[in-house]
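All of these numbers come straight from a predicted model, not from anything done at the bench.
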Amino acid sequence: MKKILFIQSGMGIDVHGQDITKAATRAVQNAIWSNSMPGIEKSLPDNRLENMKVTVRIAVPLDRDNLDISKIKETIPYGTVEVDVTDGGMATSSGIILEDSEDENDLMYIVNAAVEVGY
């Protein structure tokens with residue numbers, strides 16, 4: 001990405017089920033869902049949304065190999081999307097194991113996201 005126009009940040013949690021993809025997509029949704037970019041096209045090359053580039057940076061505590069990058073990309077409605085995964089976030093006790101929620105243990109996963117938009 002040549003130029004970053006703005007960065008949005010968010011956090012996502014999967015309290016039960018230990019689904020790192022669910023926590024990561026929630027973090028990205030948290031970052032982007034309360035924003036509007038009405039003038040973004042005028043800031044992009046050729047004034048076209050197709051020229052927007054998005055880099056999603058996510059910090060995950062565990063189960064990096066179980067992360068479904070394609071589902072994270074689907075969370076972004078426009079542009080060419082890249083996903084960069086790093087260690088981080090948090091895994092902590094939820095205080096209870098709920099078998100009907102597919103818990104394998106009592107951990108809840110907390111993921112942080114930064115969504116960079118530019119061209």
Side-chain angles (χ1 to χ4, degrees):
M1 186 176 321
K2 287 188 208 176
K3 184 168 185 170
I4 297 174
L5 299 173
F6 60 90
I7 301 172
Q8 303 156 289
S9 61
M11 178 189 69
I13 304 171
D14 184 33
V15 178
H16 297 288
Q18 296 77 45
D19 186 333
I20 198 65
T21 300
K22 186 182 289 185
T25 55
R26 287 176 175 169
V28 174
Q29 290 167 344
N30 179 251
I32 68 170
W33 278 10
S34 61
N35 295 286
S36 177
M37 303 180 293
I40 190 72
E41 283 183 87
K42 291 179 173 67
S43 300
L44 296 171
D46 299 324
N47 298 320
R48 298 179 54 87
L49 274 178
E50 293 83 16
N51 294 325
M52 181 170 68
K53 295 187 187 285
V54 180
T55 300
V56 176
R57 300 187 190 282
I58 54 173
V60 300
L62 296 170
D63 293 345
R64 192 174 179 155
D65 292 339
N66 295 336
L67 193 61
D68 187 339
I69 300 296
S70 65
K71 286 188 179 180
I72 295 167
K73 286 182 175 185
E74 289 171 6
T75 308
I76 304 297
Y78 302 105
T80 303
V81 182
E82 291 185 22
V83 178
D84 178 36
V85 183
T86 188
D87 294 334
M90 177 184 278
T92 189
S93 175
S94 67
I96 188 171
I97 297 174
L98 299 176
E99 291 179 16
D100 62 340
S101 294
E102 300 180 18
D103 272 345
E104 295 179 12
N105 53 53
D106 73 334
L107 290 179
M108 65 176 164
Y109 291 172
I110 303 170
V111 172
N112 296 329
V115 179
E116 301 172 354
V117 178
Y119 57 90

Are the side chains of R57 and T86 in touch, meaning some heavy atoms are under 4.5 Å apart?
no

Heavy atoms only: give me the nearest N112-A27 pair and the separation to one decimal.
C-CB, 4.3 Å

How far does NE2 of H16 sit from CD1 of I96, to the nearest 0.5 angstrom?
6.5 Å

Between R26 (side chain) and I13 (backbone), is there a donor-acceptor pair under 3.5 Å?
yes

Enclosure of M90 CE (heavy-atom neighbours >12, cutoff 6.0 Å):
no

Could you grab the distance from atom CZ of R64 to atom CG of L62, nearest 0.5 Å is fine?
11.5 Å

Gap separating the OG1 atom of T92 from the CG atom of D106, nearest 0.5 angstrom:
8.5 Å

Output for pair (I69 CD1, T21 OG1), nearest 0.5 Å, gives 7.5 Å

Of all heavy-atom pairs linking A31 and G10, the shortest is CB-N, 3.7 Å

Keeping S34 on the side-chain end and N30 on the backbone end, is there a donor-acceptor pair under 3.5 Å?
no

What's the separation between atom CG in L49 and atom CD in E41, rounded to the nearest 0.5 Å?
4.0 Å

Shortest non-hydrogen contact between V117 and Q8, atoms and distance:
CG2-OE1, 4.0 Å

What I'd like to find out is whether the side chain of V15 reaches to under 4.5 Å of the side chain of S101, using heavy atoms alone.
no

Kindly work out whether a path of hydrophobic side-chain contacts (I/L/V/M/F/W/Y, heavy atoms less than 4.5 Å apart) joins I76 to M1.
no

Least distance between heavy atoms, Y109 atom then A23 atom
O-CB, 3.8 Å

Measure the shortest side-chain to side-chain distance between I58 and L67 over non-hydrogen atoms and say whether it is less than 4.5 angstrom.
yes

Co-membership, hydrophobic cluster, residues W33 and I72, 4.5 Å side-chain
yes

Same cluster (ILVMFWY, side-chain, under 4.5 Å), F6 and Y119:
yes

Between L44 and L5, the two heavy atoms sitting closest are CD2-CD1, 4.2 Å

Keeping the roles fixed (side chain from D103, backbone from G17), state whether a donor-acceptor pair exists under 3.5 Å.
yes

Given side chain to side chain contact (heavy atoms under 4.5 Å, CB included), test V28 with V115 step by step and report yes or no.
CA-CA 7 Å; V28 174; V115 179; 4.2 Å; yes

For the residue pair S70 and D68, what are the closest heavy atoms and their distance?
OG-OD1, 2.5 Å

Give a yes or no on whether V83 and V60 share a hydrophobic cluster (residues Ile, Leu, Val, Met, Phe, Trp, Tyr; joining criterion: side-chain heavy atoms under 4.5 Å apart).
yes

Give a yes or no on whether Y78 atom OH has more than 12 heavy-atom contacts from other residues, nucleotides or ligands under 6.0 Å away.
no

Taking the side chain from D14 and the backbone from K22, do they hold a donor-acceptor pair closer than 3.5 Å?
no

First locate atom OG1 of T55, then atom CD1 of I4, and finally report the distance between them rounded to the nearest 0.5 Å.
7.0 Å

Hey, does the side chain of Q18 reach the backbone of E104 with a donor-acceptor pair shorter than 3.5 angstrom?
yes

Joint cluster assignment, I110 & V85, ILVMFWY side-chain distance < 4.5 Å:
no

